[in-house]
Amino acid sequence: MNLIFLFSVILKGLGAVLEILLQILITAELEVSGYGTYSAWISSADLIFWVCFSGIVKCNTFYLSGGETTIRGFKRRYFLRYVRPVLGAAAVCLILGGGALAAFVPVITILELLVLDRSSTLLTRGQNVTSLVGEYVLGRLLLLAGVAVLGWRNVLSQRALLVLYVLQYGAVLGFFLVRQGSGKARRDISEEVSLEKWGAYQRSDLMHSMIEQMPVVMQYFFSGAFEAGGVSVVL
């Protein structure tokens, strides 16, 4: 257990270093205002995830910790009856209010949901290394490499940044799907999933979203890209 904890700290630390290097590269190429615009769209996607969808991660931890169970049926209903209409409504509002780049926000949100859902599932089933490498290192490393190449070729833009962000989530999701293997049959306990418990988990993440994402989004829309970049760097 101590070895797993140490490995977790190392991988998360490496992820933090990659995030700082990414921040430096983007700021060097697009200046603080460019980084602020990028941060505002990414933070908008994160905000939707944490306010609306993050509870599923804690549900995975609670209901799948035994290793012999699945909540596949619940997730199918969750995505069809809840995620799809919420993201659809958010997409319409974002595109009408924010223009073409805002269309990336719901795409990033759904990919973030899929990645963190899969990562938490792998974690509860003992595939700690796969979960941690995918969630904290692989995506950031690919994103950093993409930004470095586009910056070197002088073709880095906001649209290119968001495309890279989508692609890195896609790569992480593919990595998870390959690493999970075929697996064995598990008992579906979807009927045991409590909506009240899911709701409690979801409400508990509201404060997280207020602290982490809301300041950047508010600064961008009320003060401008440069101020949003400054706040994002501080956070």
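In what follows, residues are counted from 1 in the order of the sequence shown. Side-chain atoms are counted along with the backbone in the values below, which use heavy atoms only and exclude waters and symmetry mates.
No chain of hydrophobic side-chain contacts below 4.5 Å, direct or via other Ile, Leu, Val, Met, Phe, Trp or Tyr residues, connects L80 to V193. Taken together through direct or relayed side-chain contacts under 4.5 Å among Ile, Leu, Val, Met, Phe, Trp and Tyr, V107 and V163 form part of one hydrophobic cluster. Taking hydrophobic clusters as Ile, Leu, Val, Met, Phe, Trp and Tyr residues chained together by side-chain heavy-atom distances below 4.5 Å, I95 does not share a cluster with V83. Criterion: ILVMFWY side-chain heavy atoms under 4.5 Å apart, direct or through other members. Under it, L25 and V17 are part of a common hydrophobic cluster. Both L14 and F175 belong to a single network of hydrophobic side chains, linked directly or stepwise wherever heavy atoms of I, L, V, M, F, W or Y lie under 4.5 Å apart.
At a cut-off of 3.5 Å, with distance as the only test, a side-chain donor of S54 or D205 sits close to an acceptor on the other residue. Side-chain atoms of E31 and S33 form no donor-acceptor pair, as typed in the model, at a separation below 3.5 Å. Side-chain contact check for S119 and S131: at least one donor-acceptor pair (N or O, by modelled atom type) lies under 3.5 Å. Side-chain atoms of S190 and K75 form no donor-acceptor pair, as typed in the model, at a separation below 3.5 Å.
The pair E135-K12 does not count as a salt bridge, with every side-chain nitrogen at least 4.0 angstrom from each carboxylate oxygen.
Under the 4.5 Å side-chain criterion, counting only non-hydrogen atoms from C-beta, L113 is in contact with F79. A 4.5 Å side-chain heavy-atom check between W50 and T109 finds every atom pair outside the cut-off. The closest side-chain heavy-atom distance from I48 to L94 is below 4.5 Å. Contact check for S194 versus Y63: side-chain heavy atoms found under the 4.5 Å cut-off. Side-chain contact between F74 and L195: present, with at least one pair of heavy atoms (C-beta onward) separated by less than 4.5 Å. Using a 4.5 Å cut-off on side-chain heavy atoms (C-beta onward), I189 and T70 make no contact. Using a 4.5 Å heavy-atom threshold, the side chains of W152 and V147 count as separate. Residues L150 and L164 are in side-chain contact: their nearest non-hydrogen atoms beyond the backbone lie under 4.5 Å apart.
Ring geometry, Y169 versus Y165: the interplanar angle exceeds 60°, so the pair is classed perpendicular (tilted spans 30 to 60°).
Rounding to the nearest 0.5 Å gives a distance of 9.0 Å between SG of C59 and CD of Q202. Going from atom CG of L6 over to atom CG of L11 covers 9.5 Å, rounded to the nearest 0.5 Å. Distance OG1/T69 to CG/L64: 5.0 Å, rounded to 0.5 Å. Distance check, rounded to the nearest 0.5 Å: CG of L162 to CH2 of W41 gives 8.5 Å. Between the CZ atom of R118 and the CG atom of L177 there is a distance of 6.5 Å, given to the nearest 0.5 Å. The CG atom of L87 sits 11.0 Å away from atom CZ of F49, with the distance rounded to the nearest 0.5 Å.
Surrounding CZ of R77 are more than 12 heavy atoms belonging to other residues, nucleotides or ligands, all under 6.0 Å away.
Side chain of S232 to backbone of A228: no donor-acceptor contact under 3.5 angstrom is found. The closest donor-acceptor contact from the side chain of E29 to the backbone of A148 lies at 3.5 Å or more, if one exists at all. Put simply, the side chain of Q168 never gets that close to the backbone of L142: no donor and acceptor are under 3.5 Å apart. Looking only at distances, a side-chain donor or acceptor of N60 sits under 3.5 Å from a matching main-chain atom of D117. Distance alone, capped at 3.5 Å, places no donor-acceptor pair between the T27 side chain and the I24 backbone.
Shown here for S157 and L30, the closest heavy-atom pair between the two residues is C-CD1, 4.4 Å. In this structure, A45 and I108 approach most closely via the heavy-atom pair CB-CG2, 3.7 Å. Counting all heavy atoms, side chain and backbone alike, V231 lies closest to P215 at CG1-CB, 4.0 Å.
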- Check the pair Y38 / Q158 against side chain to side chain contact (heavy atoms under 4.5 Å, CB included), numbers first and verdict last. CA-CA 6 Å; Y38 162 80; Q158 290 296 331; 3.6 Å; yes
- Message: Determine whether L132 and V137 satisfy the following criterion, side chain to side chain contact (heavy atoms under 4.5 Å, CB included), listing intermediate values before the conclusion.
- Response: CA-CA 7 Å; L132 292 168; V137 178; over 6 Å; no
Less than 3.5 Å apart, which donor and acceptor atoms pair up between the side chains of residues 219-226 and the rest of the protein, not counting sequence neighbours?
from: Q219; atom 1: OE1; to: S223; atom 2: OG; distance (Å): 3.3

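Contacts of Y82 classified as ring-ring contact (aromatic ring centres under 6.0 Å, His included), with partners at least two apart in sequence or in another chain: F53, Y78, W198. Residues passing the side-chain contact (heavy atoms from CB on, under 4.5 Å) test with A91 are P106, sequence neighbours excluded.
Each of L138, L122, T121, L114 was evaluated against F176; a single residue qualifies, L122, per the side chain to side chain contact (heavy atoms under 4.5 Å, CB included) test.
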